[in-house]
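A note on names: the letters A, B, ... follow the listed sequences, proteins ahead of strands, and every chain is numbered from 1. Keep in mind the model is a prediction, meaning the values are calculated, not measured.
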Amino acid sequence: MTAWDRVVLVLALTLLPFLYWQFWQPTHRGETARIKYDQHLIQEISLAKPQTLRVKGELGDSVFEIKDQQVRFTHSPCQNKVCIHYGWLTHSGDIMACLPNHIVVEIVGGERNYDAIAF
Amino acid sequence: MPSPFKQTPLQLIPTREDHRIAWLAAVAILIHVLESAVPMILPGIKPGLANIITITALCLYGWPTAAWVSFLRVLVGSMIIGSFLSPTFLLSLSGALASLAILKLATWLPGRGLSALGYSVLAAMAHMSGQFLLAYLLFIPHPGIWRLYPLLMTVAVLLGIINGIISHRLVNHLRR
């Protein structure tokens, strides 16, 4: 092992923690919920203020709860309640939908998270 | 009247170096093909044992030989596996070119320079980075893939060290 070998090894081993620090930053919270009925934007609402809101969809009213910078479906006229079971939405870029009621919720603002990583 | 199209027979006289490159490339291709048959736990991770030959060629015969061996390995290896000009081939090529570039730079280091170990670690890291850059620019232009980068670089450094040790022993053995 030459002196330069040691330099390379030390550099490589110090680079690794830096890479983790650089690329594995925690995900960011979103700031706004964007509620759509089909393709039409119905409401864009801040997640800062806790509240309950009602949005008219295909079958009836979907009810949302906003609390602690999160949003979820609490009531839905649909049959399987998949949207309610989805739970809370927090991170920017996250999407949930009630397909029977044609309602889509997307979190925006802040720094976007990744929806999927394919390789 | 002699035909104007008459051709003189083309004669190729292989030099000692040509033979050497051919032998080394043959070994590298064999390793490359065998390795491609081994299933891997994680996508993107491969021991890269064929790079041992590249590093050994670099230490014993210099950069041009190593470059030839590496290039031939990627080209012929992909033809045997059947991935020639496919995304796999492009990733393989970009990795090889990136590691050859860094190895060229590394040969300019003053003093005793690097041994097989240092070369191998540098080459492994450059290989991974080159592939990542190409994957990002060409196949998955989404910043999400960089989340995999630290993980795969860790594996690259570890495998670079292991391959470097093997290559170092091989160089010492062949020099005797």
- Part of A/Leu11 within contact of chain B (heavy atom distance under 4.5 Å): neither

Side-chain donor/acceptor pairs under 3.5 Å, residues 117-129 of chain B, sequence neighbours excluded:
{"from": "B/Ser120", "atom 1": "OG", "to": "B/Gly160", "atom 2": "O", "distance (Å)": "2.6"}
{"from": "B/Ser120", "atom 1": "OG", "to": "B/Gly164", "atom 2": "N", "distance (Å)": "3.1"}
{"from": "B/Ser129", "atom 1": "OG", "to": "B/Met125", "atom 2": "O", "distance (Å)": "2.8"}
{"from": "B/Ser129", "atom 1": "OG", "to": "B/Tyr149", "atom 2": "OH", "distance (Å)": "2.8"}

- Heavy-atom donor-acceptor pair, B/Glu35 side chain to B/Gly48 backbone, under 3.5 Å: yes

- Message: Is there a side-chain contact between B/Leu60 and B/Arg175 in this structure, where contact means two heavy atoms from C-beta onward sitting under 4.5 Å apart?
- Response: yes

- Message: If I compare all heavy atoms of B/Ile13 with all of B/Asp18, which pair ends up nearest, and what's the gap?
- Response: O-OD2, 4.3 Å

- All pairs passing side chain to side chain donor-acceptor pair (under 3.5 Å) where residues 156-174 of chain B contributes a residue, at least two apart: B/Thr56-B/Ser167

- Would you say B/Tyr61 has more than 12 foreign heavy atoms packed within less than 6.0 Å of its OH? yes

- Measuring heavy-atom distances to chain A, does B/Ile161 have an atom under 4.5 Å in its side chain, in its backbone, in both, or in neither? side chain

- CH2 of B/Trp23: more than 12 outside heavy atoms within 6.0 angstrom? no

- Query: Using 4.0 Å as the upper bound for N to carboxylate O, is an ion pair formed by A/Lys56 and A/Asp61?
  - Reply: no

- Check for a donor-acceptor pair, side chain of B/Trp146 on one end and backbone N or O of A/Phe23 on the other, with a separation under 3.5 Å. no

- Item | Residues in residues 68-85 of chain A near chain B [non-hydrogen atoms, under 4.5 Å] | none

- Message: At under 4.5 Å between heavy atoms, what parts of residues 80-107 of chain B are in contact with chain A? List them by residue number.
- Response: none

- Side chains of A/Ser46 and A/Glu31: donor-acceptor distance under 3.5 Å anywhere? no

